[in-house]
Amino acid sequence: MPFKSKGDQSSASFISKKWSFLLCLGCFCAGMLFTNRVGTVPQSKGIMRATAVEAENLKLISEGCTLKAQEEKHVSKDIIGEVFKTHHAIHTLDKTISSLEMELAAARASQESLLGGSPLSMDVNRAESSRKRRYLMVIGINTAFSSRKRRDSIRATWIPQGEKQKKLEDEKGIIVRFVIGHSATTGGILDRAIEAENQKHGDFLRLKDHVEGYLELSAKTKMYFATAAALWDADFYVKVDDDVHVNIATLGETLVRHRKKRRVYIGCMKSGPVLSQKGVRYHEPEHWKFGESGNKYFRHATGQLYAISNDLASYISINQHVLHKYANEDVSLGSWFIGLDVKHIDDRRLCCGTPPDCEWKAQAGNACVASFDWSCSGICKSADRMKEVHRRCGEGENALWSASF
């Protein structure tokens, strides 16, 4: 059996160690490579999987937001559309609502007057029946407690009395009443005197909530129109002072020409100066509202006689609590119509002078509606002169009964 030498043993041992080292290094590298592949691949797949899920979620959220925005936009359009529809409906019904409010206010005022024990110049049955027909006009003659002689002079001249008064209402559709409130002492001697006079003639319209006074003429005018509109349904409501002569038939013929018009304001239109000086007649305490000193009022009818249509009287009735009152009642009335679509009619036949002026105009075929003296803002000493003015300026009794309105 052969024996290897010592050199040969060393070489084999050396080779064995070298290959062992290389084998170990190769195993280590193979293990590292295997570890990296096993660790890396699953991690990449996990990230990709997570990214895909998140992307899907983001897509759903985005689609949800877009859908929500579209829904909100659609809802917004629907709301805007409904708003426009509502606005159109309100605009369409505005005139109808206004008419209903006027009728309601008139009915309410009438009910309050009748149920409140108001000493009106007619009983309940007559008041109720008067609401069932349409009158041509209501003439309210502004008067005072101290004006008994003036009233008697008018009763003796241009307004019918007794049965003729009823005939005037029934056949011609014309109501004529003296308009007066109450004294500061309710039920006092002044009120009792008016009640006695009314029992005799039956031609008063009492304003239950008005206390008489010269500085309260604006309030009285406002309450007159509101009360008259509540009691009588008429085409026109006329206010006249108790020292003015009126031709009723000529007045009726004048108003009939404007019967089909809306919001009519008829009178002798003027624009006088705003008087700021204290102590003078027609002083305007609120002169500063009309601008600098020396300015004039807006155009308005003189206070001796003017007429307004039914819709304007209803407007006053509805808004009476917020209508401002100036010192002069004719200015107040004119101010209530500023800003409204009102037809101002300037008719100079409503402010003729006393004879011979009214006579000249009658001869020229332009008969006067009303006559008075400008210097006195009425007929000077009217209680004494009314009969003369009536004789020379009057239209004649037959004119009234033969007139066709």
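Since we're looking at a predicted model, the values are computed, not measured.
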Exercise for the section: Consider only side-chain N and O atoms of Lys387 and His390, and report whether a donor and an acceptor are under 3.5 Å apart. Expected result: no
Handout entry: Ile141 vs Val179 side-chain heavy atoms within contact, under 4.5 Å
Key = no
Notebook entry, point to check: Can a donor-acceptor pair be found between the side chains of His287 and Gln277 at a distance below 3.5 Å?
Noted result: no
task: Please determine if Arg299 forms a cation-pi arrangement with Tyr297, meaning its NZ or CZ atom is less than 6.0 Å from the six-membered ring centre and no more than 45° off the ring axis.
output: no
On a heavy-atom basis, the closest approach of Asp243 and Ser382 is CB-OG, 3.4 Å
ask   = Can you find a side-chain donor-acceptor pair between Ser377 and Tyr282 that sits under 3.5 Å?
value = yes
**salt bridge (charged side-chain N to carboxylate O under 4.0 Å, His left out) assessment of Arg206 paired with Asp191** = CA-CA 10 Å; Arg206 301 298 301 277; Asp191 290 321; 3.1 Å; yes
Quiz item: Can you check whether Ala249's main-chain N or O pairs, donor with acceptor, with Glu395's side chain at less than 3.5 Å?
Solution: yes
| query | Under the 3.5 angstrom rule, does the side chain of Asn310 hit a backbone N or O of Ala234 as a donor-acceptor pair? | reply | yes
Any side-chain heavy-atom pair of Asn247 and Val369 under 4.5 Å: no
Tell me, with the steps shown, if Lys166 and Glu163 meet salt bridge (charged side-chain N to carboxylate O under 4.0 Å, His left out).
CA-CA 5 Å; Lys166 188 175 185 304; Glu163 290 299 321; over 6 Å; no
By side chain to side chain donor-acceptor pair (under 3.5 Å), Thr354 pairs with (sequence neighbours left out) Asp373
Using side-chain heavy atoms (C-beta onward) and a distance below 4.5 Å, is Arg155 in contact with Asp203?
yes
Sequence neighbours excluded, the answer for side chain to side chain donor-acceptor pair (under 3.5 Å) partners of Glu216 is none
Is it the case that over 12 heavy atoms from other parts of the model lie below 6.0 angstrom from the CD1 atom of Ile189? no
| query | Sub-3.5 Å donor-acceptor pair from the side chain of His210 to the main-chain atoms of Lys208, do we have one? | reply | no
Test salt bridge (charged side-chain N to carboxylate O under 4.0 Å, His left out), reference Asp235, set Arg259, Arg262, Lys261, output is Arg259
* To do: Output yes when a side-chain donor or acceptor of Thr227 lies under 3.5 Å from a complementary backbone atom of Tyr224, and no otherwise.
  => no
The salt bridge (charged side-chain N to carboxylate O under 4.0 Å, His left out) partner of Lys164 among Glu171, Glu169, Glu397 is Glu397
Task: Under 3.5 Å donor-acceptor, Arg349 side chain and Lys361 backbone - done: no
Under 3.5 Å, is there a donor-acceptor pair between the side chain of Arg263 and the main chain of Asp341?
yes
Any non-hydrogen side-chain atom of Met386 less than 4.5 Å from a side-chain atom of Ile154?
yes
For Asp170, I'd like to know if atom CG has over 12 heavy atoms of other residues, nucleotides or ligands within 6.0 Å. yes
query = Between Glu212 (side chain) and Ser183 (backbone), is there a donor-acceptor pair under 3.5 Å?
reply = no
If we only count heavy atoms from C-beta on, is the Ile266 to Leu255 side-chain gap below 4.5 Å? yes
### Task
May I ask you to decide if Ile194's main-chain N or O and Asn198's side chain share a donor-acceptor pair within less than 3.5 Å?
no
| said: I'd like to know if Glu388 pairs up with Arg392 as an ion pair, taking the criterion as any Lys NZ or Arg NE/NH1/NH2 lying under 4.0 Å from an Asp or Glu carboxylate oxygen. | reply: yes
Exercise. Can you tell me if the gamma sulfurs of Cys352 and Cys368 fall under 2.5 Å?
Worked result: yes
Check your understanding: Got a donor-acceptor contact below 3.5 angstrom from the Tyr306 side chain to the Met269 backbone?
Key -> no
Handout entry: Aromatic ring proximity, centroids under 6.0 angstrom, Phe337 and Tyr265
Key = yes
- Query: Taking the six-membered ring of Trp401, is the NZ or CZ of Lys172 close enough (under 6.0 Å from the centre) and on axis enough (within 45°)?
  - Reply: no
What I'd like to find out is whether the side chain of Ile316 reaches to under 4.5 Å of the side chain of Ile308, using heavy atoms alone. yes
- Query: Looking at Tyr326 versus Phe290, is the centre-to-centre ring distance below 6.0 Å?
  - Reply: yes
Run the salt-bridge test on Asp346 and Arg348 with the 4.0 Å N-O cut-off and return the result as yes or no. yes
Quiz question: by atom type and distance under 3.5 Å, do the side chains of Asp242 and Thr143 form a donor-acceptor pair? yes
* Are more than 12 heavy atoms from other residues, nucleotides or ligands located less than 6.0 Å from atom NZ of Lys296? -> no
Is it true that Glu329 and Lys220 make a salt bridge, defined as a side-chain N closer than 4.0 Å to a carboxylate O? no
When you measure from the side chain of Thr221 to the backbone of Leu217, do you find a donor-acceptor pair of N or O atoms at a distance under 3.5 Å? yes
Contacts of Lys222 meeting side chain to side chain donor-acceptor pair (under 3.5 Å) (sequence neighbours excluded), chain-then-number -> none
